[in-house]
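Lettering follows sequence order; numbering is per chain, from 1.
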Amino acid sequence: MEFKILHTDPGSQARAGVIRTDHSEIRTPVFMPVGTAGSVKGIHQRDLLNDVNAPIILGNTYHLFLRPGLEIMKEAGGLHRFMNWDRSILTDSGGYQVFSLAANRKLKPEGAWFSSHIDGSRHLFTPESIVDIQRIIGADITMAFDECTPWPCDLKYARESLDLTHQWLKRGLKQFRETEPLYGHNQAFFPIVQGSVFPELRKESAHFVAEQGAVGNAIGGLSVGEPAEEMYAMVDVVNSILPADRPRYLMGVGTPVNILEAISLGVDMFDCVMPTRNGRNGMLFTARGIINIKNRKWINDFTPVDPDGDSFVDRQYSRAYLRHLIISGEMLGAQIASLHNLTFYLWLVRQAFEEISRGTYSTWKSKMIPALSTRL
RNA sequence: GGGGAGAUACCAAAGUGGCCAACUGGGGCAGACUGUAAAUCUGCUGUCGUACGACUUCGGAGGUUCGAAUCCUUCUCUCCCCA
């Protein structure tokens, strides 16, 4: 994996760059659609390629490990071939499941014991096994196994959790260096900064992570319920320490506004379930604001879903029709909303790339933010 | 013509003397959702009021009772079975 910064914004820490993996060229800032179980929910690969035009998507180690399992993944020749996706893939390590499935796991120094949410079976994930699994999945970018701390979280818990995450990082990195890719393309390994909302812990973690010399670095444990201002403050602290010549990935973020703010703070990569999940639940993100398509006021609005949108569904269907589909539980509604939202998110980061390249990012951002948060 | 069952809020459907402004679904209205156990979850849904509460409700009318959606009388309507 290579990363090159092409432009920096004079008014902020924003950068426009390009990541090259063996599968694709990824202009940054980038938004990576989440495809947890080997599928970006509701979006087939052709639309992902054409309308969304995503250069990279996510998969999830925990979910793919449980189903279809490693034997099938190996037999398929890795996730790219399994799902017929020729562009890049990043796999999350399962660190988020340490947080979201907290009731089903037990943390130990050696790793995390999990009860499968599918059949209750017990599994031990270690920093080493998570590397091995991601070798089998074959993602272009693999992630360290961490603990995503909950919020709120007291200092003592955050301190101990951070130490665990750092120990796991060293072990994961060692395993990564001692193993090889299985399918002929290169793989990268990103460490993850933790430290909850404590600036001192975040600084310490950022230094620790920076010392590992990875080709890219991630910031985790944010957007778990804390106020946005605290998240920005943490990102700012961390980015002042993480190497500027490596991509920075803010995990799990976020709203369109969160993304533009974090780009200003020097973040290059994002992922979030919001465009797909909220889309399925009737929320549409547009350049003019947020639409809750389930609201009665759209019942007879026969204008296009999003007249400014890049996706074919934006002009193909009316708001009234989309509302009808979502209200009726028709799966086409979820598909249209997801495709619209993802296309919008990718448009947003591509536009950010253009504005940074032109040196106009900050003015563009201040113009966009009020519009993006408007409730239509 | 004879026999039987039933009428409860937008719909369906509990409730058979006080804990009932009335269970529960659905529908409707609104909200939530941030490295996906989510095509999920939450709230409200007689009227007025922020709320305490007040007022009007369980087919119609009348009655019994301290008290009725619940018991009695009667009327209206619906459904089923036999002719």
Sugar-phosphate only, base, or nothing, as touched by [X] at under 4.0 Å among non-hydrogen atoms:
{"X": "A:Gly225", "answer": "nothing"}
{"X": "A:Asn104", "answer": "base"}
{"X": "A:Asp271", "answer": "sugar-phosphate"}
{"X": "A:Glu330", "answer": "nothing"}
{"X": "A:Arg323", "answer": "sugar-phosphate"}
{"X": "A:Arg375", "answer": "sugar-phosphate"}
{"X": "A:Leu250", "answer": "nothing"}
{"X": "A:Asn292", "answer": "sugar-phosphate"}

Return the orientation label for the A:Phe125 and A:Tyr62 ring planes: parallel under 30°, perpendicular over 60°, tilted otherwise. perpendicular
Where the side chain of A:Arg280 meets the backbone of A:Met331, is there a donor-acceptor pair that is under 3.5 Å apart? no
Between the main-chain N or O of A:Leu201 and the side-chain N or O of A:Ser205, is there a donor-acceptor pair closer than 3.5 Å? no
When rounded to the nearest Å, what value does the distance between [atom1] atoms of [N] and [M] take?
{"N": "B:G53", "M": "B:C72", "atom1": "C1'", "value": "35 Å"}
{"N": "B:C20", "M": "B:A68", "atom1": "C1'", "value": "11 Å"}
{"N": "B:U50", "M": "B:U45", "atom1": "P", "value": "15 Å"}
{"N": "B:G15", "M": "B:C58", "atom1": "C1'", "value": "10 Å"}
{"N": "B:U16", "M": "B:G67", "atom1": "C1'", "value": "16 Å"}
{"N": "B:U73", "M": "B:C29", "atom1": "P", "value": "45 Å"}
{"N": "B:U64", "M": "B:U56", "atom1": "C1'", "value": "23 Å"}
{"N": "B:G60", "M": "B:A9", "atom1": "P", "value": "10 Å"}

Between [N] atom [atom2] and [X] atom [atom1], what is the distance in whole Å?
{"X": "A:Gln97", "N": "B:U34", "atom1": "CD", "atom2": "C1'", "answer": "14 Å"}
{"X": "A:Ile291", "N": "B:G31", "atom1": "CD1", "atom2": "C1'", "answer": "17 Å"}
{"X": "A:Glu230", "N": "B:U34", "atom1": "CD", "atom2": "C1'", "answer": "16 Å"}
{"X": "A:Lys41", "N": "B:A37", "atom1": "NZ", "atom2": "P", "answer": "8 Å"}
{"X": "A:Ile57", "N": "B:G35", "atom1": "CD1", "atom2": "C1'", "answer": "14 Å"}
{"X": "A:Tyr249", "N": "B:U34", "atom1": "OH", "atom2": "P", "answer": "15 Å"}
{"X": "A:Arg296", "N": "B:G27", "atom1": "CZ", "atom2": "P", "answer": "15 Å"}
{"X": "A:Leu322", "N": "B:A39", "atom1": "CG", "atom2": "P", "answer": "17 Å"}

Pair of N/O donor and acceptor under 3.5 Å linking B:U36 base with A:Thr276 side chain: yes
So does A:Asp146 reach the base of B:G35 with its side chain, donor to acceptor, closer than 3.5 Å? yes
Nucleotide paired to [N] in any strand shown, Watson-Crick or G-U, under 3.5 Å:
{"N": "B:G49", "value": "none"}
{"N": "B:G6", "value": "B:C77"}
{"N": "B:G43", "value": "B:C29"}
{"N": "B:U65", "value": "none"}
{"N": "B:A22", "value": "none"}
{"N": "B:G35", "value": "none"}

Would you say [X] reaches [N]'s phosphate, i.e. side-chain N/O to OP1/OP2 under 4.0 Å?
{"X": "A:Arg277", "N": "B:U40", "value": "no"}
{"X": "A:Thr36", "N": "B:U36", "value": "yes"}
{"X": "A:Ser116", "N": "B:A37", "value": "no"}

Just by distance, with hydrogens left out, do A:Asp92 and A:Thr61 show a side-chain donor and acceptor under 3.5 Å apart? no
Can a donor-acceptor pair be found between the side chains of A:Thr126 and A:Glu110 at a distance below 3.5 Å? no
Pick the nucleotide of RNA chain B nearest each of A:Arg280 and A:Glu226; which residue has the one closer to the 5' end? A:Glu226
Closest to the 5' end of RNA chain B, once A:Ile327 and A:Gly95 are matched to their nearest nucleotides, is A:Ile327
Go through [options] for me and flag the one nearest to the [X] side chain.
{"X": "A:Gln194", "options": "B:C33, B:U40, B:G35", "value": "B:G35"}
{"X": "A:Asn295", "options": "B:A37, B:A30, B:G35", "value": "B:A30"}
{"X": "A:Asn60", "options": "B:U34, B:U36, B:U40", "value": "B:U36"}

Is there a path of hydrophobic side-chain contacts, each under 4.5 Å between heavy atoms, that joins A:Met83 and A:Tyr183? yes
Quick test of your reading of the model: are A:Arg159 and A:Asp163 salt-bridged, counting only N-O distances below 4.0 Å? yes
The test is side-chain hydrogen bond (donor to acceptor under 3.5 Å, both in side chains); show your working for A:Asp51 and A:Ser311 and say whether it passes. CA-CA 5 Å; A:Asp51 285 68; A:Ser311 169; 3.3 Å; yes
